[in-house]
Amino acid sequence: MDFASIFKEELSSYIDFKKSQGYKEASFSGLARKLDIFLMQKNDKTFTDVDCELWRMKTKSESNKSHYSRVCFSKKFFTKRTSILPTIAV
């Protein structure tokens, strides 16, 4: 899976990590793609508290389950990013 945002390497590493843990890529690849698109649309090399709040907002067409899954995925990604993956300045 190819990513294009400032976190492209970290997202790829996280996908590899999740697969190594036995998770099926289909269960989280769409969530990773949504986060990557959100980060690309920002057109900035930072992820601020304001960005976090925007990302966490539920969209009109999003179900409660989809919203929960999206937020949980990003929370786990950023937690793992700071603990096991190489870091970059944000």
Side-chain angles (χ1 to χ4, degrees):
M1 177 171 261
D2 292 326
F3 298 104
S5 70
I6 60 168
F7 293 110
K8 62 185 172 191
E9 286 140 16
E10 288 90 342
L11 280 166
S12 292
S13 294
Y14 185 66
I15 296 295
D16 292 341
F17 169 75
K18 293 293 279 182
K19 290 192 306 190
S20 75
Q21 299 296 305
Y23 291 93
K24 301 226 182 275
E25 187 172 349
S27 67
F28 52 83
S29 60
L31 298 170
R33 175 67 60 210
K34 283 182 182 182
L35 179 58
D36 191 54
I37 290 168
F38 174 82
L39 294 167
M40 286 188 311
Q41 289 172 342
K42 283 180 18 64
N43 199 24
D44 193 359
K45 295 194 181 269
T46 62
F47 190 75
T48 65
D49 289 341
V50 172
D51 298 325
C52 183
E53 289 301 317
L54 289 172
W55 173 251
R56 287 177 34 198
M57 289 175 56
K58 185 178 177 207
T59 65
K60 291 179 183 178
S61 61
E62 191 173 42
S63 71
N64 288 338
K65 182 179 178 182
S66 294
H67 177 246
Y68 178 80
S69 296
R70 181 173 55 82
V71 171
C72 284
F73 171 84
S74 59
K75 179 181 175 184
K76 290 175 185 176
F77 165 70
F78 283 110
T79 300
K80 286 291 182 196
R81 181 186 165 272
T82 58
S83 65
I84 65 167
L85 300 173
T87 60
I88 61 173
V90 290

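- To the nearest 0.5 Å, atoms CG (L39) and NZ (K8) are separated by 12.5 Å.
- Every side chain to side chain contact (heavy atoms under 4.5 Å, CB included) that R33 has, sequence neighbours left out, goes to M1, F3, D36, I37.
- Judged by distance alone, with hydrogens and angles left aside, the side-chain atoms of S20 form a donor-acceptor pair with the main-chain N or O of F17 at under 3.5 Å.
- Put simply, SG on C52 and CG on L54 are 9.0 Å apart, with the number rounded to the nearest 0.5 Å.
- Contact record, L11 with S5: CD1-OG, 4.1 Å, taken as the closest heavy-atom pair.
- One distance of note links NZ of K76 with CZ of F28; it measures 11.0 Å at 0.5 Å rounding.
- The side chain to side chain contact (heavy atoms under 4.5 Å, CB included) search around T59 returns S61, E62, not counting sequence neighbours.
- The distance from atom CD1 of I15 to atom CZ of F77, rounded to the nearest 0.5 Å, is 9.0 Å.
- Using a 4.5 Å cut-off between side-chain heavy atoms of Ile, Leu, Val, Met, Phe, Trp and Tyr, with links allowed through other members, V50 and I6 fall into the same hydrophobic cluster.
- Atom NZ in K34 sits 6.0 Å away from atom OG in S66 (nearest 0.5 Å).
- When the side chains of ILVMFWY residues are joined at heavy-atom separations under 4.5 Å, either directly or via intervening members, F7 and M40 end up in two distinct hydrophobic clusters.
- Taking the six-membered ring for Trp, F73 and Y14 have ring centres closer than 6.0 Å.
- Every residue was checked against the side chain to side chain donor-acceptor pair (under 3.5 Å) condition with S12, not counting sequence neighbours, and none meets it.
- Note: K58 NZ to S63 OG = 7.0 Å, rounded to the nearest 0.5 Å.
- Applying the side chain to side chain contact (heavy atoms under 4.5 Å, CB included) criterion to C72, with sequence neighbours excluded, gives Y68.
- The salt bridge (charged side-chain N to carboxylate O under 4.0 Å, His left out) contacts involving residues 13-23 comprise K19-E25, where partners must be two or more places apart or lie in separate chains.
- Minimum interatomic distance between L35 and S74 (heavy atoms only, all atoms of both residues): CD2-CB, 4.3 Å.
- M57 and V71 are not part of a single hydrophobic cluster, where members link through side-chain heavy atoms under 4.5 Å apart.
- In this structure E53 satisfies the side chain to side chain contact (heavy atoms under 4.5 Å, CB included) test together with R56, sequence neighbours excluded.
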